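Read through the structure below, which is laid out as structure tokens, and then see the notes.
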Number of protein chains: 2
Amino acid sequence: MGARNGAGREVRSVNKVAGDDWIPAALQRAGMKRALKAGETLFRSGMRTAGLYQVAHGRVRLARVDRRGREAVLYVASAGDIIAEASLFSPVYHCDAIATTDATVRLYPKAAILAAFKRDPKAMQAFTAMLAHQVMNLRARLEQHSIHSARDRVRHYLNLNAGADGRTVPLTGTLKNLASELGLTHEALYRTLAAMAKAGEIARGKGFIRLSGRPSL
Amino acid sequence: MGARNGAGREVRSVNKVAGDDWIPAALQRAGMKRALKAGETLFRSGMRTAGLYQVAHGRVRLARVDRRGREAVLYVASAGDIIAEASLFSPVYHCDAIATTDATVRLYPKAAILAAFKRDPKAMQAFTAMLAHQVMNLRARLEQHSIHSARDRVRHYLNLNAGADGRTVPLTGTLKNLASELGLTHEALYRTLAAMAKAGEIARGKGFIRLSGRPSL
DNA sequence: CGGCGTTTTGAGAGAGCTCAACATCGGTGG
DNA sequence: CCACCGATGTTGAGCTCTCTCAAAACGCCG
């Protein structure tokens, strides 16, 4: 989990959908950076919504705390992730956001965003489209997690993420990263990949995996 | 997986976010029903997008087919679910939609929706807000699936879905349904609930579960 | 009452998790 | 240049936990 990367370099989650394309240029400049120490609170449930955040580096977890004081994690956001999208349409936050590691986030103020959307409907459309893609992507990942066999789960991932040639899958992060995205331990993933490679089902390369089944059969 | 429902009666997924509130009244009327036989195709990857669909009853699966002809399921939609939201912003579909059971869907034509959004920005905002909530909800479920212990996963679910009193969790569907949403077999869920009840952690009632831990501790 | 699906309990086996040790790679500093 | 260090990558062995298969009780509806 707490996977800081080797040299502090941050790698985007493998399946990240949110490009920054949806952010109107005017907003880019309105984004205000804020640094968080590990354990520091970004916002709490019930606080007035300031806007939505984008994690620049580090990890921020969204959680809800029940009355027994136990914390239920809703989501762990890492570099590139947008959190509190729904805050645009709500007066208060509905969960807590706490930095899990030292982190920096960029705040896009609600008022600025909504104003930009009003000025430029295209911007809102881009935002909506981005959300729609995220929904798709998240659904796919959820479906993935319902597959119990590690091998089938990896197959599912590879098939969905094959590049244009239908055979080559780029690996954008570390395998450990991929493992946690797939909901597997890294050991299980290593073993599965090794087995698939030995069986000739895949070929592994630096930064990619190639499906070796005949593509047109 | 293929959890068909008992008597053909359809139960909405427990965690369904999509109310119909986002649908402008004018659109409600524009919705065109279509009946599908089990196995029938609603749309295929590459087809021009007609609009988005809402499943009225039955099940429709979204899948992508790789070049080896194998199908990778992206999502299984059931009553109430909206599919192909992203089609609003794309000229062609990017996956196949096939009825898994006999089903009926309602088509909301793209042009009508976009027109409604242009006429009434509030409508688009409602749609966007709905998507944002779905993203939140899906992320939470994804997090849930990353918990390996059945008991902890159930706890997570109960904590997140506790009602206003923080203790009572309504059960909207069957337990079997809940099991598949949690990514557990129904047997595992039954056993886990039984164990938790025996341990005094929860009390079970008809249509609800009550967390029996002292709420303020 | 009889059929059907859900709910429940049992027993067994397999798969992934856990713990552990080691290899590898890239960056750092003496 | 090489030793060191931290993190990733890899492999091994045992164990727990869930899944699978099976069977039975319960509840609902015609």
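Chain naming here is simple, since letters A, B, ... match the order of the sequence lines and numbering starts at 1 in each. Computed from a predicted structure; not experimentally measured.
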Rounded interatomic separation in angstrom, taking [atom1] from [X] and [atom2] from [N]:
X        : N      : atom1 : atom2 : result
B:Leu182 : D:dT18 : CG    : P     : 13 Å
B:His186 : D:dT18 : NE2   : C1'   : 13 Å
A:Met196 : D:dT10 : CE    : C1'   : 17 Å
A:Leu193 : D:dT11 : CG    : C1'   : 14 Å
A:His145 : D:dT18 : NE2   : P     : 17 Å
B:Arg151 : D:dT16 : CZ    : P     : 17 Å
B:Leu189 : D:dC19 : CG    : P     : 10 Å
A:Leu178 : D:dG9  : CG    : C1'   : 13 Å

Quick check: does any side chain N or O of [X] sit under 3.5 Å from a backbone N or O of [Y], one acting as donor and the other as acceptor?
X        : Y        : value
A:Arg153 : A:Ile147 : yes
B:Thr168 : B:Gly163 : no
A:His145 : B:Glu143 : no

Checklist line | Contact under 4.0 Å: B:Thr185 side-chain N or O vs D:dC19 OP1/OP2 | finding: yes

Note to self: I want to confirm an ordering. Mapping A:Tyr190 and B:Glu187 to their closest nucleotides on DNA chain D, which one lands closer to the 5' end?
What the structure shows: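 Residue closer to the 5' terminus by nearest nucleotide: A:Tyr190.
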
Would you indicate which nucleotide in [options] comes nearest to any side-chain atom of [X]?
X        : options                : answer
A:Arg191 : D:dG12, D:dT10, D:dC19 : D:dG12
A:Lys206 : D:dC19, D:dG9, C:dG26  : C:dG26
A:Leu175 : D:dC19, D:dG9, C:dT8   : D:dG9
B:Leu184 : D:dC19, C:dG16, D:dG9  : D:dC19
B:Thr174 : D:dT11, D:dT20, C:dT7  : C:dT7

Item checked: CG-CD distance between A:Leu62 and A:Glu71, expressed to the nearest 0.5 angstrom -> 10.0 Å

Notebook entry, point to check: Within a strict 4.5 Å, meaning less than it, do heavy atoms of the A:Asp81 and A:Val60 side chains meet?
Noted result: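 A side-chain contact under 4.5 Å is absent here.
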
Notebook entry, point to check: Contact class for B:His148 (heavy atom, under 4.0 Å): base, sugar-phosphate, or nothing?
Noted result: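 Sugar-phosphate contact only - B:His148 comes under 4.0 Å of backbone atoms but never of a base.
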
Note to self: Base, sugar-phosphate or nothing for A:Arg204? Non-hydrogen atoms, less than 4.0 Å.
What the structure shows: sugar-phosphate

